[in-house]
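Take a look at the structure below.
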Amino acid sequence: MTRVGISACLLGEEVRFDGGHKRAEFLIDAFGPSVTWVPICPEVEAGFGTPREAMHLTRVAGSIRLVTVGTGHDVTTPMDEFIRRRVPELRWEDLSGYILKKNSPSCGLENVEIHNQQGNVIESGRGLFAEALVRQFPQLPVEEEGRLSDPRLLEDFIERVFAYNHGQSA
């Protein structure tokens, strides 16, 4: 069975900061019963709970930090600890692809807003978990759910996932 990692909120798990989800039915339908989903929510697994204060990425003294929006608490350390533990463990999950939640400060693959300490957007980048994932598994097909709403990109991604799976089992 082909195993695909996915941001847990995309499967309908109520793990988002507001206690909600972002179920992406079109992804579940597109892959059908031919995949086993491996859901991960970095924020919940890092111990932030649900619901929780919204977070964003902030550049502080040249480094990117994960900071709560309302209170300004820097929660980078528990996220980094989760990433150091969990990302290497993913090799044992035998994944053939990964679908990430767009715009997330942990899971966003591209164009994630990075703020200055005054709260203004100054650049864009990649979420902390997404960065670690693609660095650890550079050949793994990885995509954001937002881009996969394009039928051509979705079809291409599905083909890459199954080709990767075939190459891993060969």
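Values in this document were obtained by computation on a predicted structure and should not be read as measured data.
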Mind jotting down which residue pairs meet the ring pair (Phe, Tyr, Trp, His ring centres under 6.0 Å) criterion with at least one end in residues 13-34? Sequence neighbours excluded, please.
->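 Checked against ring pair (Phe, Tyr, Trp, His ring centres under 6.0 Å) - neighbours excluded - the pairs reaching residues 13-34 are Phe31-Trp37.
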NZ/NE/NH1/NH2 to OD/OE distance under 4.0 Å, Glu110 and Arg126 |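 Answer for the salt bridge query: no.
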Would you mind reporting whether [Y] and [X] have side-chain heavy atoms less than 4.5 Å apart?
X	Y	result
Leu10	Ile99	yes
Leu90	Ile40	yes
Val161	Val4	yes
Leu140	Val134	no

Mind checking what makes salt bridge (Lys or Arg N to Asp or Glu O under 4.0 Å) contact with [X], not counting sequence neighbours?
X	result
Asp80	none
Asp94	none
Glu89	Arg85, Arg86
Arg16	none

With sequence neighbours left out, which residue pairs that include part of residues 138-147 fulfil the side-chain hydrogen bond (donor to acceptor under 3.5 Å, both in side chains) condition?
->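 Of all non-adjacent pairs touching residues 138-147, those that pass side-chain hydrogen bond (donor to acceptor under 3.5 Å, both in side chains) are Lys101-Glu145, Glu143-Arg147.
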Scan for salt bridge (charged side-chain N to carboxylate O under 4.0 Å, His left out) pairs involving residues 3-14, sequence neighbours excluded, and state none if there are none.
->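 The answer is Arg3-Glu93.
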How would you list, by chain and number, every residue that makes a side chain to side chain contact (heavy atoms under 4.5 Å, CB included) with [X], sequence neighbours excluded?
X	answer
Asn111	Ser124
Asp156	Arg160
Thr71	Glu53, Thr68, His73
Arg91	Pro88, Gln136, Phe137

NZ/Lys22 to CG/Leu11 distance, rounded to the nearest 0.5 angstrom?
->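 Rounded to the nearest 0.5 Å, the NZ-CG separation comes to 15.0 Å.
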Find the distance between CD (Glu155) and CG (Leu148) and round it off to the nearest 0.5 Å.
->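 Separation between the atoms: 12.0 Å.
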Have a look at Phe129 and tell me which of Cys41, Cys107, Ser104 forms a side chain to side chain contact (heavy atoms under 4.5 Å, CB included) with it.
->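 With Phe129 as partner, Cys41, Cys107, Ser104 yield a single side chain to side chain contact (heavy atoms under 4.5 Å, CB included), made by Cys107.
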Please confirm whether the backbone N or O of Tyr164 pairs with a side-chain atom of Ser96, one donor and one acceptor, at under 3.5 Å?
->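 Not at all, since once roles are kept as given, no pair shorter than 3.5 Å links the two residues.
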Applying ring pair (Phe, Tyr, Trp, His ring centres under 6.0 Å), name anything that partners His115, two or more places apart in sequence or on another chain.
->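 Scan of His115 (ring pair (Phe, Tyr, Trp, His ring centres under 6.0 Å), adjacent residues dropped) gives His56.
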